[in-house]
There are 2 protein chains.
Amino acid sequence: MGLTKTEMFSELQNEIALYAKVFGHPARVAILQHLFKINTCVCGDLVDEIGLAQPTISQHLKELKHLGLIKGNVEGTSVCYCVDSKNWAKMKEVMFQFLDQDLSKEQCC
Amino acid sequence: MGLTKTEMFSELQNEIALYAKVFGHPARVAILQHLFKINTCVCGDLVDEIGLAQPTISQHLKELKHLGLIKGNVEGTSVCYCVDSKNWAKMKEVMFQFLDQDLSKEQCC
DNA sequence: TTAGTTCATTGCAATATTACGATAAAGATT
DNA sequence: AATCTTTATCGTAATATTGCAATGAACTAA
């Protein structure tokens, strides 16, 4: 069916899944890593940096922007992208809490 | 096309994306949360706990198992699942390193 | 043996995602 | 104005994902 039944899950579960989904493609991971590496706005390097076509990159950027993880600033003809540090921190908190659960008790397996 | 061009990306980028992808569905998030909450093996509660059909849960479990994040132990008629703490820790390290990049430098946006 | 329980697998339909050519939009340059 | 540069959007093809009914496999209980 391809249709996720979001209504069956808690808001937190859906939030985690949404964040994770956007990281679930290496192109978006690469985009973010580049933004972190440069650590300032990037205006167009991305298509050269990553090997995908311009419309494809644009689409991936859109998804990252839609979740609020990056911001885009129009600057003349080009657009400057950078990580939205405030929203990134929010996301990090949610994801850390999920990933950092402890496994103290013994396991039977 | 729906076909990710994995060969264009680094091994780390693909690894991060694979982990993230498996967390990119609320059912799998819910399964993992339940396993953490119970903090021991679970033999069949999952279908009741989460509201999806048994084959659907089985499929999600398969994906989690395939990545090594959970283990399944056959115990008579039933199968006991639990988080594989060693592999979970490995995954955590990879994901933390990706998520925990700092944003010290000023941003222009 | 027969029937019941539990989980995996198969097969399929519906939807989502990915990629990109073509094109549009908008500012910059000549 | 005419052209160039840069990014977004549209349309479409290919592939992936999700969900479940039906069925199978394997052990248990009567």
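Below, all heavy atoms of this structure are taken into account, side chains as well, without hydrogens, waters or symmetry copies. Numbered from 1 within each chain, the chains take letters A, B, ... in sequence-line order.
Look at B:Ser58 and you'll find a side-chain N or O under 4.0 angstrom from OP1 or OP2 of C:dA8. At least one side-chain nitrogen or oxygen of B:His60 sits closer than 4.0 Å to the OP1 or OP2 atom of D:dG19. Residue A:Tyr81 places at least one side-chain N or O under 4.0 Å from the OP1 or OP2 atom of D:dA8.
Atom CD1 of B:Ile57 and atom CD of B:Gln59 lie 10.5 Å apart (nearest 0.5 Å). Taken to the nearest 0.5 Å, the CZ atom of B:Phe23 stands 13.5 Å off from the CD atom of A:Gln13.
Checking D:dC20, C:dA16, D:dG19 against every side-chain atom of A:Lys21, the shortest atom distance belongs to C:dA16. Of the candidates C:dA8, D:dG19, C:dT6, the closest approach to any side-chain atom of B:Thr77 belongs to C:dT6. In the set D:dC20, C:dC7, D:dA8, the nucleotide with an atom closest to the side chain of B:Pro55 is D:dC20.
Note on B:Thr56: a base of the nucleic acid sits closer than 4.0 angstrom, heavy atoms only. Among the atoms of the strands shown, only primed sugar atoms or phosphate atoms (P, OP1, OP2) are found under 4.0 Å from some heavy atom of A:Ser78. At the heavy-atom level, B:Ile57 lies nowhere under 4.0 Å from the strands shown.
No option in A:Leu35, A:Ile31, A:Val29 other than A:Val29 meets the side chain to side chain contact (heavy atoms under 4.5 Å, CB included) test with A:Gln33.
Rounded to whole angstrom, the span from the CG atom of A:Asp45 across to the C1' atom of D:dT6 amounts to 12 Å. If you measure from atom CD of A:Glu63 to atom P of D:dT7, you get 18 Å, rounded to the nearest angstrom. Distance B:Leu52 CG to C:dC7 P: 16 Å, rounded to the nearest Å. Summarising the geometry, the separation between CD on A:Gln54 and P on C:dC20 is reported as 11 Å, rounded to the nearest angstrom. In this structure, B:His25 atom NE2 and C:dA16 atom P are separated by 11 Å, rounded to whole Å. Distance NZ (B:Lys62) to P (D:dT17): 13 Å, rounded to an integer number of Å. Between B:Glu75 atom CD and C:dT6 atom P the separation is 14 Å, expressed in whole Å. Rounded to a whole Å, the CG atom of A:Leu46 is 14 Å from the P atom of D:dT6.
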Full working for ring-ring contact (aromatic ring centres under 6.0 Å, His included) between B:Phe96 and B:Trp88: CA-CA 12 Å; B:Phe96 271 37; B:Trp88 186 269; over 10 Å; no
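Nearest-nucleotide mapping onto DNA chain C: of A:Gly24 and B:Val47, the residue sitting toward the 5' end is B:Val47.
For A:Glu63, the salt bridge (Lys or Arg N to Asp or Glu O under 4.0 Å) test picks out A:Arg28, with sequence neighbours left out.
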